[in-house]
S.K.: 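Before I ask anything, let me first share the structure, which is written out below as structure tokens.
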Amino acid sequence: MARTRYFRDLLVWQKAMELARQVYLRTEEFPKAETFGLRMQMRRSAVSVASHIAEGHGKLTDADLKRSLGSARGALYEFETQNELACSLNFINEGSSRQLLELATETAKLINGLLGKLEP
């Protein structure tokens with residue numbers, strides 16, 4: 001597969017960055033007790049998605065990129081689980097949770113599409 005020159009040009013990276021930004025904004029109002037708990041876990045997993053995509057783009061082979069995209073997808077599913085927990089605990093309202101889930105779903109579709117284009 002021909003690669004873009006910069007990972008910043010990848011739509012999947014751009015979408016993952018938007019997810020990370022939104023997670024930071026939406027978790028700002030979590031209870032003080034969650035500063036180093038679920039709030040931080042959600043932020044870390046969301047940042048990991050974009051970070052793994054960027055890292056994979058910098059690798060030299062499609063196999064390495066696939067591994068990194070797999071890690072990005074794993075972090076994304078981790079985030080989705082944390083988002084659901086935060087909503088069920090009323091740390092985040094349903095509307096915000098739904099919007100974050102939609103962004104996560106869009107990102108997952110882009111990751112899966114890119115995985116499908118890579119050499120086996």
S.K.: Side-chain heavy atoms under 4.5 Å apart, restricted to Ile/Leu/Val/Met/Phe/Trp/Tyr: what other residues fall into the cluster of Tyr24, or is it alone?
M.R.: Val47
S.K.: Give the intermediate values and the outcome of side-chain contact (heavy atoms from CB on, under 4.5 Å) for residues Leu69 and Leu118.
M.R.: CA-CA 11 Å; Leu69 289 172; Leu118 294 173; 3.8 Å; yes
S.K.: Any side-chain heavy atom of Val23 sitting closer than 4.5 Å to one from Leu103?
M.R.: no
S.K.: How close do Ala72 and Ile53 get, heavy atom to heavy atom, and via which atoms?
M.R.: CB-CG1, 3.9 Å
S.K.: According to ring-ring contact (aromatic ring centres under 6.0 Å, His included), does anything in residues 71-114 pair up with another residue at least two apart or in another chain? List the pairs.
M.R.: Phe30-Phe91
S.K.: Drop me the distance from Asp62's CG to Lys66's NZ, to the nearest 0.5 angstrom.
M.R.: 8.0 Å
S.K.: Which pairs pass salt bridge (Lys or Arg N to Asp or Glu O under 4.0 Å) with one or both residues in residues 27-36, sequence neighbours excluded?
M.R.: Glu28-Arg39, Glu28-Arg43
S.K.: Hey, could you give me the CG/SG distance between Leu100 and Cys87, rounded to the nearest 0.5 Å?
M.R.: 10.0 Å
S.K.: Could you list the residues that satisfy side-chain hydrogen bond (donor to acceptor under 3.5 Å, both in side chains) with Glu18, not counting sequence neighbours?
M.R.: Arg21, Gln22
S.K.: Run through the side-chain heavy atoms of Ile, Leu, Val, Met, Phe, Trp and Tyr, join any pair under 4.5 Å, and report what else lands in Leu101's cluster.
M.R.: none
S.K.: Could you grab the distance from atom CZ of Arg73 to atom CD1 of Ile111, nearest 0.5 Å is fine?
M.R.: 7.5 Å
S.K.: List for me each residue that meets side-chain hydrogen bond (donor to acceptor under 3.5 Å, both in side chains) alongside Glu78, sequence neighbours excluded, and say none if there are none.
M.R.: Gln82
S.K.: Identify, with sequence neighbours excluded, every residue that meets side-chain contact (heavy atoms from CB on, under 4.5 Å) alongside Ser96.
M.R.: Arg26, Ile92, Asn93
S.K.: Any chance you could measure Gln41, atom CD, to Ser45, atom OG, to the nearest 0.5 Å?
M.R.: 8.0 Å
S.K.: Which residues satisfy the side-chain hydrogen bond (donor to acceptor under 3.5 Å, both in side chains) test with Arg44, sequence neighbours excluded?
M.R.: none
S.K.: Between the main-chain N or O of Leu85 and the side-chain N or O of Ser88, is there a donor-acceptor pair closer than 3.5 Å?
M.R.: yes
S.K.: When rounded to the nearest 0.5 angstrom, what distance separates CG in Leu110 from CG in Leu11?
M.R.: 5.0 Å
S.K.: Before giving the answer on side-chain contact (heavy atoms from CB on, under 4.5 Å), spell out for Asn112 and Leu115 the whole-Å C-alpha distance, their side-chain angles and the decisive distance to 0.1 Å.
M.R.: CA-CA 5 Å; Asn112 290 334; Leu115 280 167; 4.2 Å; yes
S.K.: Give me the atom names and distance for the closest heavy-atom approach of Asp64 to Leu60.
M.R.: OD2-N, 4.3 Å
S.K.: Kindly state each residue pair satisfying salt bridge (Lys or Arg N to Asp or Glu O under 4.0 Å) with at least one member in residues 85-109, sequence neighbours excluded.
M.R.: Lys15-Glu106
S.K.: Taking all atoms of both residues into account, what is the closest heavy-atom pair of Val49 and Leu76, and its distance?
M.R.: CG2-N, 3.6 Å
S.K.: Measuring from atom CG of Leu38 to atom OG1 of Thr27, what distance do you get when rounded to the nearest 0.5 angstrom?
M.R.: 9.0 Å
S.K.: Going by the rule salt bridge (charged side-chain N to carboxylate O under 4.0 Å, His left out), which residues pair with Arg8 if we only count those two or more places apart in sequence or in a different chain?
M.R.: none
S.K.: Return each pair, listed once, that meets ring-ring contact (aromatic ring centres under 6.0 Å, His included) where at least one residue sits in residues 93-113; pairs must be two or more places apart or across chains.
M.R.: none
